[in-house]
Amino acid sequence: MYLLLDIGNTRTKAMLAAQAGQFIPFDVEKDELDSAAVQAVYYAAVAGQDKVQALKKQFTLAEQPWRQIESEAYRFGIRNCYSQPHLLGVDRWLAMLGSNWLYPNTDCVVIDAGTAVTIDWLGADGQHQGGWILPGLKLQQQSVVQKTAKVFNADTHQARLAHGNDTVSCLQNGCLASVLGAIAQGWQLKPMSKMVLTGGDAGLLQGYLKAYPLDVQPHLLFNGLSRFIES
Ligand SMILES: Nc1ncnc2c1ncn2[C@@H]1O[C@H](COP(=O)(O)OP(=O)(O)O)[C@@H](O)[C@H]1O
Ligand SMILES: CC(C)(COP(=O)(O)O)[C@@H](O)C(=O)NCCC(=O)O
Ligand SMILES: [K+]
């Protein structure tokens, strides 16, 4: 069994995997880990090293190898378009490796709606054609609240694609429209055979994306990460 970790800026997601594409969800905050059953840890981190160190302390896995996955120029037929490939967020890289695993030889617009929303274009030939980074739904709301005197938010999230009629609904609906607007604009710029969506806000967004050839893949990054098992 392998422990897979996706260490994001908001949350750490984990899975136990026997082989590529086969996972059992593992809650890093609640679940007990049977250390003896873990052969190795594969992890990817866009968050700071402090989060990685804290996780290393949390699990008694000092004997097992910890293999950090980073963005590369080329892997499994996927070619990174950055001239400095390691600077591409590894979550974006894994989302593309995951999309290519699930939809081989298919051009995909790959969207990760997390702390930041990232949109990446992946050709059927495996060429990464570039992408976008924009603030995610929560981050957009937080930045408006932080940088203004009179905009406030609520803990309840009721964003809808509709006009708001008070501060909270204007803020939440406006930020939702902004993310959906970026997706629409991106699709208009370069439509592809598939739109693949993942990330903490995928569930909220998917209802507004019915016009697209959309697949929601909550475990997309793990599909990418698990390709490294024994490779
Ligand atoms: N339980 C949760 N905790 C935090 N954020 C959540 C949760 N459920 C959904 N979200 C949403 O998920 C987004 C963060 O997505 P996530 O994929 O976890 O981020 P990251 O990969 O950057 O850590 C936030 O914009 C937030 O609105
Ligand atoms: C854009 C990101 C912050 C998204 O991270 P996330 O929202 O998933 O936590 C991450 O992919 C990142 O740190 N990227 C590095 C810069 C780049 O991709 O060019
Ligand atoms: K993201």
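Worth knowing before you read on, the calculation uses all heavy atoms, side chains too, and leaves out hydrogens, waters and symmetry mates. Indexing begins at 1, ligand by ligand and atom by atom, following the structure's order.
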Next item on the list: Please say whether more than 12 non-hydrogen atoms of neighbouring residues, nucleotides or ligands are located less than 6.0 Å from CD in Glu63.
Entry: no
Note to self: To check your reading of the model: name the closest protein heavy atom to atom 13 (O) of ligand 2, its residue, and the distance in Å.
What the structure shows: Val46 CB, 4.1 Å
Notebook entry, point to check: Is it true that Phe59 and Leu16 fall in one hydrophobic cluster, defined by side-chain heavy atoms closer than 4.5 Å?
Noted result: yes
Notebook entry, point to check: Are the ring centres of Phe228 and Phe76 closer than 6.0 Å?
Noted result: yes
Notebook entry, point to check: So, does Gly136 sit close enough to ligand 1 that a heavy atom of it is under 4.0 Å from the ligand?
Noted result: no
Check: N/O/S atom of Ala116 under 3.4 Å from the K ion (ligand 3), yes or no?
Finding: yes
Next item on the list: Around atom 2 (C) of ligand 1, find the nearest protein heavy atom and jot down its residue, atom name and distance.
Entry: Arg11 NH1, 3.5 Å
Margin query: Does the plane of the ring in Tyr212 sit parallel, tilted or perpendicular to the ring in Trp187? Use 30° and 60° as the thresholds.
Written below: perpendicular
Item checked: Sole candidate of Asp6, Leu197, Asp91, Leu102 that passes side-chain contact (heavy atoms from CB on, under 4.5 Å) when paired with Leu220 -> Leu102
Next item on the list: Grab the two heavy atoms, one from Ser71 and one from Pro85, that are nearest each other, plus how far apart they are.
Entry: CB-O, 3.3 Å
Notebook entry, point to check: Which of the atoms of ligand 2 are close to Gly89, meaning less than 4.0 Å from one of its heavy atoms?
Noted result: 11 (O), 12 (C), 14 (N), 15 (C), 17 (C), 18 (O)
Checklist line | Nonpolar side-chain network containing Ile133, other nodes, edges under 4.5 Å | finding: none
Notebook entry, point to check: Of the protein's non-hydrogen atoms, which lies at the shortest distance from atom 22 (O) of ligand 1, and what is that distance?
Noted result: Thr115 OG1, 2.5 Å
Next item on the list: Just jot down the ligand 2 atoms closer than 4.0 angstrom to any heavy atom of Tyr82, in number order.
Entry: 17 (C), 18 (O), 19 (O)
Check: What about Ala116: any of its N or O atoms under 3.5 Å from an N or O on ligand 2?
Finding: yes
Check: Which ligand 2 atoms does Asn9 reach within 4.0 Å, using its non-hydrogen atoms?
Finding: 3 (C), 5 (O), 6 (P), 9 (O)
Item checked: Asp215/Lys194 salt bridge by N-O under 4.0 Å criterion -> yes
Check: Which residue owns the protein heavy atom closest to atom 11 (C) of ligand 1, what's the atom, and how far is it?
Finding: Asp201 OD1, 3.2 Å
Margin query: Tell me the protein heavy atom at minimum distance from atom 9 (C) of ligand 1, and give that distance in Å.
Written below: Gly200 O, 3.4 Å
Checklist line | Close-contact set for ligand 2 against Leu88 heavy atoms, below 4.0 Å | finding: 18 (O)
Note to self: Taking a cutoff of less than 4.0 Å between a non-hydrogen atom of the residue and any ligand atom, is Lys13 in contact with ligand 1?
What the structure shows: yes
Next item on the list: Output yes when the distance from some N or O of ligand 2 to some N or O of Thr10 is under 3.5 Å, and no in every other case.
Entry: no
Checklist line | Ligand-residue contact atoms, ligand 1 with Gly114, heavy atoms, under 4.0 Å | finding: 14 (C), 15 (O), 16 (P), 17 (O), 19 (O), 25 (O)
Check: Side chain or backbone of Thr115 under 4.0 Å from ligand 2, or both, or neither, by non-hydrogen atoms?
Finding: both
Check: Quick one: which ligand 2 atoms are inside 4.0 Å of a heavy atom on Thr118?
Finding: 1 (C)
Next item on the list: With atom 6 (P) of ligand 2 as the reference point, say which of Leu139, Asp112, Asp91 has the nearest heavy atom.
Entry: Asp91
Next item on the list: Check the hydrophobic clustering (I, L, V, M, F, W, Y; side-chain heavy atoms under 4.5 Å; chains of links allowed) and say if Ile229 and Val38 are grouped together.
Entry: no
Next item on the list: Following the transitive rule for hydrophobic clusters with a side-chain heavy-atom cut-off under 4.5 Å over Ile, Leu, Val, Met, Phe, Trp and Tyr, establish whether Val46 and Val28 coincide in one cluster.
Entry: no
Notebook entry, point to check: Quick one: do Tyr43 and Val90 end up in the same hydrophobic cluster if we chain Ile, Leu, Val, Met, Phe, Trp and Tyr together by side-chain heavy atoms under 4.5 Å apart?
Noted result: no
Next item on the list: May I ask you to list the atoms of ligand 2 that are less than 4.0 angstrom from any heavy atom of Arg92?
Entry: 11 (O), 17 (C), 18 (O), 19 (O)
Note to self: Below 4.0 Å, non-hydrogen atoms only: which portion of Leu87 touches ligand 2? Side chain, backbone, both or neither.
What the structure shows: backbone
Item checked: Val110 vs Ile119, side-chain contact (heavy atoms from CB on, under 4.5 Å): CA-CA, chis, key distance, verdict -> CA-CA 6 Å; Val110 183; Ile119 306 179; over 6 Å; no
Checklist line | Gly199 neighbourhood, listing ligand 1 atoms whose heavy-atom distance to it stays under 4.0 Å | finding: 17 (O)
Item checked: hydrophobic_cluster_shared for Leu4 and Val52, side chain cutoff 4.5 Å -> no
Next item on the list: Below 4.0 angstrom from a heavy atom of Asn9, which ligand 1 atoms are there? Numbered from 1 as shown, please.
Entry: 20 (P), 22 (O), 23 (O)
